[in-house]
Amino acid sequence: MSRSQILRENIVKESPRDDLIRKDRFPHIWCPGCSLGTVLKCYVEAIASSNIPIDKHVVVSGIGCTGRIAGYIKLDSYHVTHGRPIAFAEGMRIVRPDLEVTVISGDGDLVTIGGNHFIHAIRRNVDINVFLVNNFIYGMTGNQMGSTTPIGARSSTSPYGCPEYPFNLPLLVASLGAPFVARWTTLHVRQLADAMKRALQVKGFAFIEIITSCPVGFGSYNELREGLDFIKLFRDSCVVDHNADLTKVGITLRPGEPIVLGNFVDREVPTYHDLEKEVFKKAGWLK
Amino acid sequence: MRWDIRWAGFGGQGVIRAGEILGRAAVKQGLDSAMRPMYGPEKTGGWSRADVVISDEPIIFPLIVKPDILIAMSQDGMNRDGASLRKGGFLLIDGELVKEIKSSPSKIYSVEATSIADSLGRRIVANIVMLGAFAKAFNIVDPEILLQTIVESFPRAVELNKTAFRLGMEKVEEV
Amino acid sequence: MTLKIVREPINKHIQKIPLGWIHIIPERCKECGFCIELCPKDVLIVGNERNIKGYRWPKIADGKAYDCIACKMCEWICPEFAIFVKEVERGEVV
Amino acid sequence: MSGELKLLKPGTHFLMGNIACAEAALIAGCEFYAGYPITPSNEIAEHMSRRMPELGRHFIQMEDEIASAVAILGASAAGVKSMTATSGPGFSLMMESIGLSAMLELPCVIVDVQRAGPSTGIPTFVGQGDVMQSRWGSHGDYELVVYAPSSVQEFFDLTIEAFNTSEWLRIPTIVLSDEVVGHMYGRLEVPPYDKITIINRKKYEGRKEDYLPYNYETLIPPFVAAGEGYRIHMTGLTHDERGYPSLEIEDSHKLLERLVMKVRKNAKNLWKYESYFIDDADIVVITFGITARASIEAVKRARKEGLKIGLLKLLTLWPFPEDPVKIASQYARRILVAEINMGQLIHPVREVAECPVASINYPVGYVPPPEYILDGIRAAV
C-alpha cells in the first residue's frame with residue numbers, strides 16, 4: 001500500500017458503544033459544547049471494562065440537564081423527582097445487593113435540593129456510586145445560580161454576581177467519611193473513566209465530582225461562550241494533586257486559583273450493608 | 001354488660017401497661033376489649049391515663065365518656081379525672097397517694113399500692129398491686145387469667161409480680 | 001542539579017506508530033469543535049457539509065489521513081458518540 | 001438464612017392498632033420499610049425496626065419523609081413490596097413521591113396515622129383532616145386507593161388489602177388511619193394464613209425483545225424489576241409505552257387515561273363499606289374511621305328512640321364509593337356526614353347525593369362522643 005492512496009473518514013450510522021446507549025434517542029437534547037455526553041461516554045467505558053455484568057448496573061438520576069443521562073444509557077435506568085435519586089438508589093441497593101447502583105445527576109439536584117439525602121447517604125455509607133456533574137448552575141431551568149456557583153459568578157438570578165459561598169464538595173464528602181472521593185473534569189476523560197471504574201469497585205459511597213462545560217448556561221453569563229472556552233479553562237487552570245489538602249480545593253474560577261483534580265480519597269470503610277448484617281445477627285436472622 | 005374503666009396516674013406508674021394487661025386478659029377470657037392510652041407530652045412525670053372498655057358484646061364505641069370505674073393511682077390523676085366518674089360509679093385508689101376524693105362514687109376501694117411495691121423493693125410493680133386489687137374488688141376479669149396474663153407479660157420477674165398481685169388482692173379494702 | 005537523560009527505546013526498530021481510521025456519524029454531530037481542538041496531530045478540520053440541524057461535522061484535513069495515531073481522544077471527548085476511531089493495519093485500508 | 005418466618009400467629013390477639021398494622025405488613029410480604037419519626041405513627045416504625053431484621057427484611061430510618069417515600073419506590077423498582085408510615089406533616093412531604101409512584105407505576109403502601117392539624121396541630125391528638133390531601137395531594141392527574149380503618153382489626157385487614165391493591169394495580173395505596181385507631185388496643189383475629197389473600201404484582205413473561213414497560217395494550221402492564229436484563233427506562237416525565245419521555249399528545253393522553261382508568265374501571269371492586277339499618281332509614285349518616293365507631297353507637301341509640309336512622313361506614317374513601325351513597329340518598333330524606341374536620345368527605349357525598357347533605361363536624365383533636373352525633377341526628381329530624 002502506498003501513501004498516495006487516500007484514507008478517508010468513514011461515514012457511518014452507528015458507533016461501537018451503541019449497545020450501551022439508547023441510540024434511538026440520539027442525538028440527545030444537550031447543547032453543543034456541553035460535555036454531559038462525554039460524562040456518558042466515560043461511564044459507558046467504565047462499566048464496559050468493569051467486571052460487573054452489564055445487566056446488574058442500574059443508573060438513577062434526578063431532574064436537570066444531567067438528570068437526562070438515565071434516559072440515554074441502555075441500562076435499567078430510573079429518572080426520578082428533583083433531588084431524590086440518592087434516596088431512590090438507597091432503597092434499591094439496600095434490598096438488592098446484587099445490583100451496582102450509580103446515581104448520575106447534577107449539582108443542583110444532588111447537593112442543593114437533594115443536599116439532605118446526599119449527606120445522609122454518605123454518613124450511612126450505602127454502597128452506591130454518586131457521579132455528580134457540576135456545571136456551576138441550574139442549566140435546564142434557565143441558568144439560575146445554585147449552591148456550587150462560585151462567588152461573583154453571574155447567572156439569571158445573580159445578575160450582580162453570586163453573593164454566596166459555594167460548596168467545596170470533595171471536602172464535604174471526605175469529612176463525612178466516604179471511602180472514595182475524586183474530582184475530574186470532562187477534559188480528563190481517561191482519568192475520569194478510570195476513577196469511575198475504581199468507584200464501581202469501591203465498597204461504600206463512592207463520589208466523583210465531574211466539572212463540566214456549560215457554554216450555553218453558565219458560560220454565556222461568565223465569558224465562556226463556547227465549549228472550547230471551557231476546554232481551554234480546564235487545560236490551563238487544572239492541577240492534578242491526589243494528595244491535595246481538601247480544605248483548599250474549593251473552586252473559585254478566579255485567575256491564578258487552580259481547579260484541583262485527583263483521586264483524593266480511597267480507603268476502606270465498613271458499609272451500611274456490613275453494619276446491617278450485624279443487625280441481622282443480633283435479630284437472630286443471620287448466624 | 002359493658003364496663004368503662006379509667007386508670008389515671010402519672011407517667012412511670014405503669015398505668016398504660018396495666019390497662020393493656022387488663023384488656024388482654026379480658027380478650028383471653030373471651031370478652032371484647034379496647035384500651036386507649038393517653039399521656040401528656042412529658043416523657044416522665046406527666047399525666048397518664050388508660051381507658052379500658054370491657055364488654056361481653058362486640059364493642060362499638062371504644063372510648064370512654066363517663067367511666068363506671070375510676071382507678072386513681074395519684075392525687076394528680078384524681079384531680080384530673082375524678083369528676084369524670086359516673087355518678088354512683090366505683091372508685092379504686094392508692095389510699096396513701098390519693099387524699100382528696102373528687103368524685104361521687106357509690107363505693108371506694110383502697111390499697112396502698114405504692115407502699116406495697118416499695119416494700120417489695122420495686123416501685124414499678126405498683127400497677128400490678130393495683131391489678132390485684134382490681135381483680136379482688138370487681139368481678140369483671142377472672143383473677144387467674146389476669147395473673148396468667150401478667151406472668152406472660154413479664155417472664156423475667158414472675159415471682160415478684162405474683163407476689164405483688166397477691167398482695168394487691170389481700171390488702172384491698174372498702175373504705 | 002538534575003541530569004536529563006533522553007533514552008531511546010531499545011526496541012525502537014520494531015515499534016510501530018498506530019494508525020487510526022476515523023469514523024463519523026454526521027447526524028449526531030453538533031459542531032462543538034472538541035475533536036478538532038483536542039486532536040494532537042491536527043488531523044481534523046471543520047467540514048463543509050451540514051447535517052439536518054445545520055451543524056458541520058468534522059472531516060480529515062487534506063493529506064492528514066495517515067497522521068491519525070489512534071489515540072482516540074476525539075472519540076473519548078465527543079459528547080455525541082458521533083466519532084470513533086478504529087485502529088487498523090496500514091495495509092488494511094483503501 | 002435461617003428459620004421459618006416468624007409472623008404473627010393466627011388466633012386472637014390484643015394489640016395496638018399501629019402494631020397490628022406493622023404485623024399485617026409483614027404478613028402481606030413487606031420486605032422494605034423506610035420511615036422518619038413522627039407522632040402518632042411511631043409505633044409502626046419502632047415495631048418494624050425490631051421485626052423486619054428478625055425476618056431478614058430491611059428497615060431503615062431515613063433523614064426525612066421525602067427520602068422515606070422515595071426510598072420505598074427504589075425498593076419497589078427492585079421488585080420488593082415496601083411501605084412507609086407517617087402523620088400529617090410528614091404526609092405533606094410525601095406528596096411528591098405519591099405522584100412519582102403513580103407515574104412510574106411502582107407499587108407502595110403509605111400509612112397516614114392522622115393527627116390534629118393544620119401544620120403541627122396537636123401531635124398526640126386525633127384528626128381526620130387528610131381526606132382530601134390523600135386524594136388530591138400530589139399535582140397532576142392520577143388515581144390511587146385510600147382505605148380508612150376504624151378498628152384495630154380493620155387496620156390489620158386494610159393494610160393487607162392496601163398491599164394487595166397496590167400490587168394488583170401498580171399504584172400507591174394509602175391507609176388513612178388516625179391517632180385513636182393507631183394507639184388504641186383492641187381485639188384482633190388473625191385468620192389462618194391460607195385464608196389470607198396475598199397478591200403479588202404480575203411479572204412479564206413474554207419475549208424479552210418485545211417487552212414494553214408501559215404497553216398500551218394493557219391496562220396494568222406487567223412488571224420487570226431492575227437487574228433482570230430488560231434494561232428498562234422509567235421516568236417521571238410524561239412518557240410513551242417504551243418509557244421514553246414524550247411530548248406527543250397521543251402519548252400524554254394514553255398515559256393519563258391508563259393511570260386513571262386502572263382505578264376507575266375497577267372502582268366497584270375497590271369499594272368497601274358497611275351499612276347499618278339502612279333499609280328504612282330516613283336519615284343516613286355517612287362516616288369513616290374512628291368517627292364511625294361513635295356514629296354507630298349514636299345510630300343504635302337513635303333507633304331505640306324510634307328514629308329511623310341508618311349509617312354507611314366507608315372503608316374505601318377513594319375511589320369514592322359513589323353507588324352506595326347515591327342509592328342511600330335516593331331513599332333517605334337527608335344525609336349527614338360525620339367527620340373530625342371542618343367538612344371534607346361531605347364534598348364527594350354532595351357530588352353524588354340526590355337529597356340534602358349536611359355535616360356533623362367535630363373540632364380536630366377529639367373524638368365526638370356518641371351523644372354529640374345523636375344531637376346532630378336529632379336536630380336533623
Is it true that [Y] and [X] share a donor-acceptor pair across their side chains at a distance under 3.5 Å?
{"X": "K203(A)", "Y": "N125(A)", "answer": "no"}
{"X": "Q201(A)", "Y": "N51(A)", "answer": "no"}
{"X": "H117(A)", "Y": "R84(A)", "answer": "yes"}

Q) So which part of R51(D) gets closer than 4.5 Å to some heavy atom of chain A, the side chain, the backbone, both or neither? A) neither
Q) Measuring heavy-atom distances to chain A, does A34(D) have an atom under 4.5 Å in its side chain, in its backbone, in both, or in neither? A) neither
Q | Winner by heavy-atom pair count (cut-off under 4.5 Å) against chain A, out of G229(D), G236(D), G79(D), G243(D) | A | G229(D)
**Q.** Option in V224(D), V80(D), L237(D) with maximal non-hydrogen atom pairs under 4.5 Å from chain A
**A.** L237(D)
Q.
For a salt bridge (Lys or Arg N to Asp or Glu O under 4.0 Å) check, start with the C-alpha distance between K262(D) and E105(D), then their side-chain angles and the critical distance, and finish with the verdict.
A. CA-CA 11 Å; K262(D) 58 184 180 175; E105(D) 301 181 52; 2.8 Å; yes
Greatest number of heavy atom pairs closer than 4.5 Å to chain D - which of [options]:
{"options": "R124(A), K56(A), H82(A)", "value": "R124(A)"}
{"options": "A70(A), S77(A), A121(A), A87(A)", "value": "S77(A)"}
{"options": "K282(A), K74(A), E90(A), R93(A)", "value": "K74(A)"}
{"options": "V279(A), I94(A), L99(A), V58(A)", "value": "I94(A)"}

Q) Ring centres of H58(D) and F280(A) under 6.0 Å apart? A) yes
Q) Which of residues 91-103 of chain D have a heavy atom under 4.5 Å from any heavy atom of chain A? A) E96(D), L100(D)
Q. Which members of residues 67-76 of chain D, sorted by number, sit under 4.5 angstrom from chain A on a heavy-atom basis?
A. A67(D), V70(D), A71(D), L73(D), G74(D), A75(D)
Q) Would the number of heavy atoms belonging to other residues, nucleotides or ligands and lying under 6.0 Å from NZ of K208(D) be above 12? A) yes
Q | NZ (K203(D)) with more than 12 external heavy atoms under 6.0 Å | A | yes
Q) Is there a side-chain contact between F205(A) and L176(A) (heavy atoms, below 4.5 Å)? A) no
Q. So do L212(D) and E217(D) actually touch side chain to side chain, heavy atoms under 4.5 Å?
A. no
So, taking the atom named [atom1] in [X] and the one named [atom2] in [Y], what distance separates them when rounded to the nearest 0.5 Å?
{"X": "H253(D)", "Y": "D251(D)", "atom1": "NE2", "atom2": "CG", "value": "11.5 Å"}
{"X": "T235(D)", "Y": "H79(A)", "atom1": "OG1", "atom2": "NE2", "value": "4.5 Å"}
{"X": "Y216(D)", "Y": "L255(D)", "atom1": "OH", "atom2": "CG", "value": "6.5 Å"}
{"X": "K81(D)", "Y": "I198(D)", "atom1": "NZ", "atom2": "CD1", "value": "5.5 Å"}
{"X": "F163(D)", "Y": "L26(D)", "atom1": "CZ", "atom2": "CG", "value": "8.5 Å"}

Q. So which bits of residues 22-48 of chain A come within less than 4.5 Å of chain D, counting non-hydrogen atoms only?
A. R22(A), D24(A), R25(A)
**Q.** NZ/NE/NH1/NH2 to OD/OE distance under 4.0 Å, E143(D) and R135(D)
**A.** yes
Q: Go through the atoms of I63(A) and report whether side chain, backbone, both or neither lie under 4.5 Å from a heavy atom of chain D.
A: neither
Q. Can you check whether R201(D)'s main-chain N or O pairs, donor with acceptor, with E167(D)'s side chain at less than 3.5 Å?
A. yes
Q: Please name all residues satisfying side-chain contact (heavy atoms from CB on, under 4.5 Å) with S166(D), sequence neighbours left out, ordered by chain then number.
A: P107(D), V109(D), T173(D)
